[in-house]
Each structure stands twice: as C-alpha cells, then as structure tokens.
Amino acid sequence: MDYFFNFEKIAYLKNNKPDGCILCRLLDGDPQITDTIIHRNEDIAVSLNLYPYNPGHCLIFPVRHIKDIRDLSETERRSQDTMLDKVLGALDALYKPSGYNIGFNMGLEAGASIEHIHLHVIPRYPHELGIAELLGGKRVLVEDLRKSKERLTEALSGDSKRPGKH
C-alpha cells in the first residue's frame, strides 16, 4: 500500500535526523524540534507521534534517557503504567477507538527509529480503509497533529476517567 508521505519523515528516515536524542531534545524544549508534548511529570512524558498512524497516536517515555525497558526504575514503571491508564482514558473519551495497538520497538531491527525507549499507544478503528486507500492506495490522516495536541493536552491536564468498557 502507498501512503501520502510527509517528505520530512522520508528525510528523517534517511538519517537527516537532528543530532542527539530527539526525545531528550524535545524534553529540553529545543526550538528546532516540533513540540508534541501533551503531558509530563518528573518521571514520564507523553508526546504525540510526529508521524502518526491514526489521530491520537501517542508515545509514553521516561524523562531519563534509557534504551531498554529493563532499565526502568520501579518508580518509572509505576508512573508509566499510571500514565498509560490516563492516556487510554483520554483517548477513549476524545476519539472513541474500537481498540489499541500498544507496544515498544526496542532496537533498530525491531523498528525503533529512536533509541530512547518509548511505548506506542495507537488508537484503532474498524474499517480503517478509506476512499483514498480504495481509489489510490493512499492513507489519509483525518486530524491535524496540532488539533490532536490541543485536545489531548487539555484532556490529560485533568482527571481522565475511563468512560466505560469497550
């Protein structure tokens, strides 16, 4: 399947990446890095994926730079789990997905284009195939990243409760 490519991602994947860890630079507020942070505490941050599969595609990652999930402290693990629950509650309330893909890509061969360990949370929907895919073999993202950031930042600033079972 072909995608409507963001040419910035093609450059990024071809190693035209900024020097240093992109997630650490994001946490440091580097003006050269698009600010996609939607929530942060002392241990864990949540960012939107700059190149999302679906609206609300989030990354949950430790503030401390580590490459392997086995290096998370117990405090970071608990904070990550708590943050995952909050993110899922916010996504349920705002986007009402039918399911989620949740997981880590650890190592380049596993698909990790960023060495700083991060948990992907991808909302999924029935019949995601749209008219662009049918007619042109393309994929369309249905919400602007800035709108997703606004909605999720607001939702995560309060107490997002799970609205009900799937």
Side-chain angles (χ1 to χ4, degrees), residues 1-10 12-13 17 21-24 26-27 33-41 43-63 66-69 72 76-77 79-134 137-157 160-166:
M1 174 183 290
D2 293 329
Y3 289 83
F4 288 123
F5 278 111
N6 177 324
F7 291 101
E8 291 177 28
K9 182 166 185 175
I10 293 171
Y12 179 83
L13 292 173
K17 301 175 190 176
C21 174
I22 192 82
L23 295 181
C24 289
L26 176 63
L27 288 169
I33 308 300
T34 302
D35 181 10
T36 55
I37 297 280
I38 56 175
H39 194 75
R40 179 180 178 172
N41 64 34
D43 298 312
I44 298 293
V46 183
S47 170
L48 288 171
N49 189 318
L50 191 55
Y51 307 107
Y53 290 108
N54 278 327
H57 178 170
C58 295
L59 306 177
I60 301 173
F61 57 97
V63 170
I66 59 174
K67 298 178 182 182
D68 189 310
I69 60 173
L72 287 168
E76 288 167 329
R77 282 184 188 274
S79 187
Q80 177 182 268
D81 288 346
T82 298
M83 190 60 64
L84 175 59
D85 287 347
K86 288 179 84 169
V87 166
L88 290 171
L91 291 169
D92 282 347
L94 295 173
Y95 295 97
K96 299 174 182 30
S98 298
Y100 293 96
N101 289 119
I102 300 171
F104 294 97
N105 297 335
M106 202 165 70
L108 183 60
E109 288 74 17
S113 60
I114 300 171
E115 287 189 343
H116 192 134
I117 196 71
H118 55 282
L119 178 66
H120 286 266
V121 180
I122 306 169
R124 302 310 302 249
Y125 304 90
H127 315 295
E128 286 182 0
L129 192 67
I131 190 70
E133 290 99 343
L134 290 173
K138 307 283 187 213
R139 178 146 186 181
V140 178
L141 190 62
V142 297
E143 182 174 69
D144 185 274
L145 185 70
R146 292 167 292 209
K147 183 64 176 174
S148 297
K149 181 181 177 193
E150 178 185 315
R151 294 177 72 195
L152 282 163
T153 298
E154 183 179 326
L156 289 173
S157 67
S160 297
K161 302 287 186 198
R162 186 174 180 195
K165 296 181 180 178
H166 288 253

Identify the two heavy atoms, one from [X] and one from [Y], that lie closest to each other, and give their separation to 0.1 Å.
X: Leu26; Y: Thr34; answer: CD1-O, 3.4 Å
X: Met106; Y: Asp68; answer: SD-CA, 3.6 Å
X: Leu48; Y: Leu152; answer: CD2-CD1, 3.6 Å
X: Thr153; Y: Ile37; answer: OG1-O, 4.1 Å
X: Pro62; Y: His116; answer: O-NE2, 2.7 Å
X: Leu27; Y: Ala45; answer: CD2-CB, 3.6 Å

Query raised in the report: Side chain of Arg77, backbone of Ile69: donor and acceptor closer than 3.5 Å?
Result: yes
**Report entry** Side chain Lys147, main chain Pro55, donor-acceptor under 3.5 Å
**Finding:** no
How long is the straight-line distance from [atom2] of [Y] back to [atom1] of [X], given to the nearest 0.5 Å?
X: His118; Y: Ser113; atom1: NE2; atom2: OG; value: 6.0 Å
X: Ile44; Y: Leu72; atom1: CD1; atom2: CG; value: 6.5 Å
X: Arg124; Y: Tyr53; atom1: CZ; atom2: OH; value: 9.0 Å
X: Leu50; Y: Leu145; atom1: CG; atom2: CG; value: 6.0 Å
X: Ile66; Y: Glu76; atom1: CD1; atom2: CD; value: 5.5 Å
X: Met83; Y: Arg40; atom1: CE; atom2: CZ; value: 11.0 Å

Query - Among Ile102, Asn101, Asn49, the one residue meeting side-chain contact (heavy atoms from CB on, under 4.5 Å) with His120 - result: Asn49
Query raised in the report: Judged by modelled atom types alone, do Asp92 and Tyr100 share a side-chain donor-acceptor pair under 3.5 Å?
Result: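 Yes - a donor-acceptor pair under 3.5 Å links their side chains.
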Query - Heavy-atom side-chain proximity of Asp35 to Lys149 below 4.5 angstrom - result: yes
**Report entry** Flag side-chain contact, heavy atom, 4.5 Å: Val46 against Ile60
**Finding:** yes
